[in-house]
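As structure tokens, the structure follows; a few thoughts come after it.
Quick caveat, the model's predicted, so the values are computed rather than measured. Order of listing sets the numbers, starting from 1, for every ligand and every atom in it. Any value given below was found using the heavy atoms of this structure, including those in side chains, with hydrogens, waters and symmetry copies removed.
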Amino acid sequence: MHVFVTGASGWIGSATVNELLAAGHHVIAIARSDASAAALANKGVHVVRGDLDDLGSILAGAEAADAVIHLANKHDFSNPAVSNAAERGAVQTIGEALAGTNRPFLLASGVAALAQGRPGTENDPSPFHGPESPRGGSENLALEFVGQGVHSVSVRFAPTVHGTGDHGFIARLVAIACEKGISGYPGDGTNRWAAVHRSDAARLVRLGLEQAPAGARLHAVAEEGIPTRDIAAAIGRAFNLPVASIAPEDVPGHFGWIGSFLSMDLAATSTATQALLSWTPVGPTLIEDLAAGAYSVTATPA
Ligand SMILES: NC(=O)c1ccc[n+]([C@@H]2O[C@H](COP(=O)([O-])OP(=O)(O)OC[C@H]3O[C@@H](n4cnc5c(N)ncnc54)[C@H](OP(=O)(O)O)[C@@H]3O)[C@@H](O)[C@H]2O)c1
């Protein structure tokens, strides 16, 4: 297939591109910088310059391809309305471009707020509807396009897609721990985060592209839920830092914007996804990655 990928230069996107190329697909990607364009071109990707703020570039890419994988995100966590608006605009544009074609459209999503008191499952619909909601309600928007002849598939990534070189949430927690001299967890630290290794996540995206039915919600989840106190303990061991509870009222001040994510219970299963796609996660666990030094050089400044 000729697959149009947004976010192809990102953490998940670059691994996904490698998966797609190795499986014989052709990749067309937008890039917004010379560095990203060069890195993608060196892999054999057909690069067009584009940006989430230039919906014409998204439209042209989607119209010309056999399938779309949308992974780009502005990730402006201090001002999520900006990221959410861009996300919704991109999904609306891709959906309209693919309407009536039955072409695959995979988009990134998450596992937040799927269920109360139990891990979220693929059967749990996203509670986020409309432009004001998290991620701009993009998952439901994309899945609504199934009724207009789009083969939409949501890929819900665990809150940590970990591995060597990750600059995401765990890298941020490492940076905060190193800056504060303490590896903290919120409250009693029993709330849990699901996790998946980047290589397993990328393989799932490729399998989802090739095999998932329209309307599917896939869970890129290898570990159902790791208590945040265990994550903090693993960071403490890896960076030789003391580990301590941070009182709920002190979480925003201690952790900044990531405090609200760290306080959520983000547990999820992937039983249905594994059965549907014969996908078995095989990568290292988050704790193994931390112990192996995967975060020693990539922590983003706190
Ligand atoms: N990583 C995780 O643990 C995780 C967990 C849950 C959900 N997700 C979701 O999965 C998707 C991929 O995440 P990721 O970790 O791979 O993100 P990432 O490493 O931050 O990469 C983001 C990608 O989006 C591109 N991008 C950013 N702003 C853009 C803009 N204005 N126009 C065009 N492209 C732009 C970046 O391009 P440049 O190369 O130019 O910067 C990069 O390719 C996102 O939707 C994310 O929210 C990720």
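For Phe105 and Phe145, the distance between ring centers is not under 6.0 angstrom.
For Trp257 (side chain) and Asn79 (main-chain N/O), no donor-acceptor pair under 3.5 Å exists by modelled atom type. Listed for the Arg103 side chain is a donor-acceptor partner under 3.5 Å among the backbone atoms of Ala65.
Below 3.5 Å of separation, one finds no N or O of Phe157 facing any N or O of ligand 1. Looking at Gly10 next to ligand 1, an N or O pair under 3.5 Å apart turns up. Considering both main-chain and side-chain atoms, Ser33 never comes within under 3.5 Å of ligand 1 through any nitrogen or oxygen pair. In terms of N/O distances under 3.5 Å, ligand 1 is approached by Ile12. The shortest N or O to N or O distance between Lys74 and ligand 1 is not under 3.5 Å. Below 3.5 Å of separation, one finds an N or O of Ser36 facing an N or O of ligand 1.
Among protein heavy atoms, the minimum distance from atom 15 (O) of ligand 1 is reached at Trp11 CB, 3.8 Å. Scanning all protein heavy atoms for the shortest distance to atom 20 (O) of ligand 1 gives His75 ND1, 3.1 Å. Protein heavy atom in closest approach to atom 32 (N) of ligand 1: Leu52 N, 2.8 Å. Summary of contacts: the protein heavy atom closest to atom 39 (O) of ligand 1 is Ser9 OG, 2.4 Å. Looking only at protein heavy atoms, the nearest one to atom 10 (O) of ligand 1 is Ala108 CB, 3.5 Å. For atom 34 (N) of ligand 1, the nearest protein heavy atom (residue, atom name, distance) is Ala72 CB, 3.8 Å. For atom 22 (C) of ligand 1, the closest heavy atom belonging to the protein is Asn73 O, 4.0 Å. Of the protein's non-hydrogen atoms, Arg32 CZ, 3.3 Å is the one closest to atom 28 (N) of ligand 1.
Comparing Arg156, Arg135, Glu87 by heavy-atom distance to atom 45 (O) of ligand 1, the nearest is Arg135. Counting heavy atoms only, Ala158 comes closest to atom 5 (C) of ligand 1 of the residues Gly110, Ala195, Ala8, Ala158.
Residue Gly168 places no heavy atom under 4.0 Å from ligand 1. Residue contacts with ligand 1 do not include Asp53, since none of its heavy atoms lies under 4.0 Å from the ligand. Within the structure, ligand 1 has Ser109 among the residues with a heavy atom less than 4.0 angstrom away. Taking 4.0 Å as the cut-off, His167 counts as a neighbour of ligand 1 on heavy-atom distance.
Between His219 and Arg156, the shortest heavy-atom distance links the atoms NE2-NH1, 3.0 Å.
Between Ile231 and Tyr185 the shortest side-chain heavy-atom distance does not fall below 4.5 Å. Counting only heavy atoms from C-beta outward, the side chains of Leu52 and His70 approach each other to under 4.5 Å. Side-chain contact check for Asp166 versus Val161: every heavy-atom pair is 4.5 Å or farther apart.
The pair Arg49-Asp34 meets the salt-bridge criterion, since a charged nitrogen lies less than 4.0 angstrom from a carboxylate oxygen. Ionic pairing of Lys74 and Asp53 is present here: one or more N-O contacts between side-chain nitrogen and carboxylate oxygen are shorter than 4.0 angstrom.
Counted by atom type alone, Thr121 and Asn123 present zero donor-acceptor pairs between their side chains at under 3.5 Å.
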| task | Output, in order, the C-alpha distance, side-chain angles, deciding distance and verdict of side-chain contact (heavy atoms from CB on, under 4.5 Å) for Ser154 and Leu107. | result | CA-CA 5 Å; Ser154 169; Leu107 86 158; 4.0 Å; yes

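In Gln116, the CD atom is not crowded: 12 or fewer heavy atoms of neighbouring residues, nucleotides or ligands sit closer than 6.0 Å.
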